[in-house]
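The sequence lines fix the lettering, A, B, ..., with proteins before strands; numbering per chain opens at 1.
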2 protein chains.
Amino acid sequence: MRIGELAERAGVSVRSLRYYEEQGLLQSERSASGQRHYPEEAVDRVVFVQRLYAGGLSSRTILEVLPCVDNPSADSADAAFDRMLVERARLDDHIKDLLRTRDALDELIELNRGFRATV
Amino acid sequence: MRIGELAERAGVSVRSLRYYEEQGLLQSERSASGQRHYPEEAVDRVVFVQRLYAGGLSSRTILEVLPCVDNPSADSADAAFDRMLVERARLDDHIKDLLRTRDALDELIELNRGFRATV
DNA sequence: CTAGAACCTGACATTGACGTCAGAGGCAAG
DNA sequence: CTTGCCTCTGACGTCAATGTCAGGTTCTAG
């Protein structure tokens, strides 16, 4: 499929796909005229990359982790595997921090509900 | 206390404190020579603001919510209260999304562990 | 009194994942 | 063949919280 269809199906902009390629996160075949063509699997790939971005990983970090996706055989993915564990831990910490923030908001909401009920 | 002490005690940079003031998130008394002075409560204030930043709220949004902190009486904090509920929901969605990302990472980790064990 | 922190304002720099625009070529349908 | 949509490269714009630097004032300890 061409870039427009991939963008739509994966729910990202065409600009983003070109950016992913520039960062080495996504490959494409080029037609004679230079247009990018992608296989079906590219959709899942892009969705997964988006998911990692959502988790706060940078392009560079995603690039480091991708060997675990593309070729999870022991030798090639050693550093990638370690990196993945690190990022998993970082994400876990981040989630815990957000939960604390949510709790703080809940406290404040309850406090305000109290005031609003009595007035 | 002066700005340096507040920065250290709240765990932020002096630059950030000046920025918060610029955004209306933090007030200060000025000495005759123009130096900022803060009461004890400023520490908690700054920590709380940091917490909201961590939750993904922008300066402008934090500003909108602060009436619920400063004066949780019904009349003044109406819009602020609504805004707080909205942000609470947004944060909750974000957390759920991050949990999905963590699950995806966990799956990938398990998959790779499998490969690494057999080889 | 003096050296060295700490503070002031103002302004430009940074970072990263994009948005957006320009100028040009490619492709399917009528 | 042409109209209109898709794609290409390249480059500059964005946003937000903060870093950083310059040039100058103020406070504090000795």
Side-chain angles (χ1 to χ4, degrees), chain A residues 1-39 42-43 45-66 87 90-91 94 97-98 101, chain B residues 1-39 42-43 45-66 87 90-91 94 97-98 101:
Chain A
M1 78 194 80
R2 290 193 298 169
I3 197 170
E5 186 183 346
L6 177 57
E8 182 155 1
R9 289 179 55 186
V12 307
S13 70
V14 166
R15 176 69 175 93
S16 293
L17 293 181
R18 288 199 267 253
Y19 178 71
Y20 297 169
E21 181 168 320
E22 190 182 316
Q23 300 300 310
L25 308 180
L26 181 64
Q27 278 63 250
S28 66
E29 302 266 307
R30 296 304 186 102
S31 71
S33 64
Q35 297 204 343
R36 293 171 177 86
H37 288 266
Y38 303 92
V43 178
R45 170 72 158 228
V46 171
V47 168
F48 185 69
V49 166
Q50 281 283 112
R51 185 139 287 299
L52 294 186
Y53 272 127
L57 283 72
S58 69
S59 295
R60 211 173 69 81
T61 306
I62 296 175
L63 187 61
E64 288 183 58
V65 161
L66 278 180
E87 292 305 318
R90 198 194 46 70
L91 179 54
H94 187 212
D97 194 48
L98 291 186
T101 301
Chain B
M1 79 194 78
R2 292 193 298 169
I3 197 170
E5 186 182 346
L6 177 57
E8 181 154 3
R9 289 179 55 185
V12 306
S13 69
V14 167
R15 175 68 175 93
S16 292
L17 293 180
R18 289 200 266 253
Y19 177 73
Y20 297 169
E21 180 167 322
E22 191 183 316
Q23 300 299 308
L25 308 180
L26 181 65
Q27 277 63 248
S28 67
E29 303 267 307
R30 296 302 187 104
S31 71
S33 63
Q35 297 203 341
R36 293 171 177 84
H37 288 266
Y38 303 91
V43 178
R45 171 72 157 228
V46 171
V47 168
F48 185 69
V49 166
Q50 282 282 112
R51 185 138 289 298
L52 294 187
Y53 273 128
L57 283 73
S58 69
S59 296
R60 211 174 67 82
T61 306
I62 296 175
L63 188 61
E64 287 182 58
V65 161
L66 278 179
E87 292 304 319
R90 198 193 46 70
L91 179 54
H94 186 211
D97 194 49
L98 291 186
T101 301

Without decimals, in angstroms, what is the distance between [X] [atom1] and [N] [atom2]?
X     : N      : atom1 : atom2 : result
A:R30 : C:dG25 : CZ    : C1'   : 14 Å
A:Y38 : D:dT7  : OH    : C1'   : 11 Å
B:E8  : C:dA5  : CD    : P     : 15 Å
B:I62 : D:dA17 : CD1   : C1'   : 11 Å
B:E5  : C:dA6  : CD    : P     : 12 Å
A:L6  : D:dC6  : CG    : P     : 15 Å

- Examine C:dC8: is either OP1 or OP2 under 4.0 Å from a nitrogen or oxygen in the side chain of B:R36? Give yes or no. yes
Residue list, side-chain contact (heavy atoms from CB on, under 4.5 Å) with [X], at least two apart or on another chain:
X     : result
B:E21 : B:S28, B:R30, B:R36, B:Y38
A:E64 : A:R60, A:R83
A:S59 : A:Y19, A:Q23, A:L25, A:Y53

Taking only residues two or more places apart in sequence or in another chain, which ones pass side-chain hydrogen bond (donor to acceptor under 3.5 Å, both in side chains) with [X]?
X     : answer
B:E5  : B:R9
A:Q27 : none
A:R15 : none

- Message: Across nucleotides 10-24 of chain C, 5' to 3', mark each nucleotide with B, S or - according to how protein heavy atoms within less than 4.0 Å reach it.
- Response: -B-----BBBB----
- Base-contact (B) and sugar-phosphate-only (S) positions in nucleotides 23-30 of chain D, heavy-atom cut-off under 4.0 Å, - elsewhere: ---SS---
- Nearest atoms (heavy-atom pairs only) where B:V46 meets B:A10: CG1-CB, 3.5 Å
- Task: With sequence neighbours left out, write down each residue that passes salt bridge (Lys or Arg N to Asp or Glu O under 4.0 Å) with A:R18, or none if nothing qualifies.
- Result: none
- Message: Once rounded to the nearest 0.5 Å, what's the spacing between atom CG of B:L17 and atom CG of B:L6?
- Response: 5.0 Å
- Task: Could you tell me whether B:R18 contacts a base, only the sugar-phosphate backbone, or nothing, with contacts defined as non-hydrogen atoms closer than 4.0 Å?
- Result: base
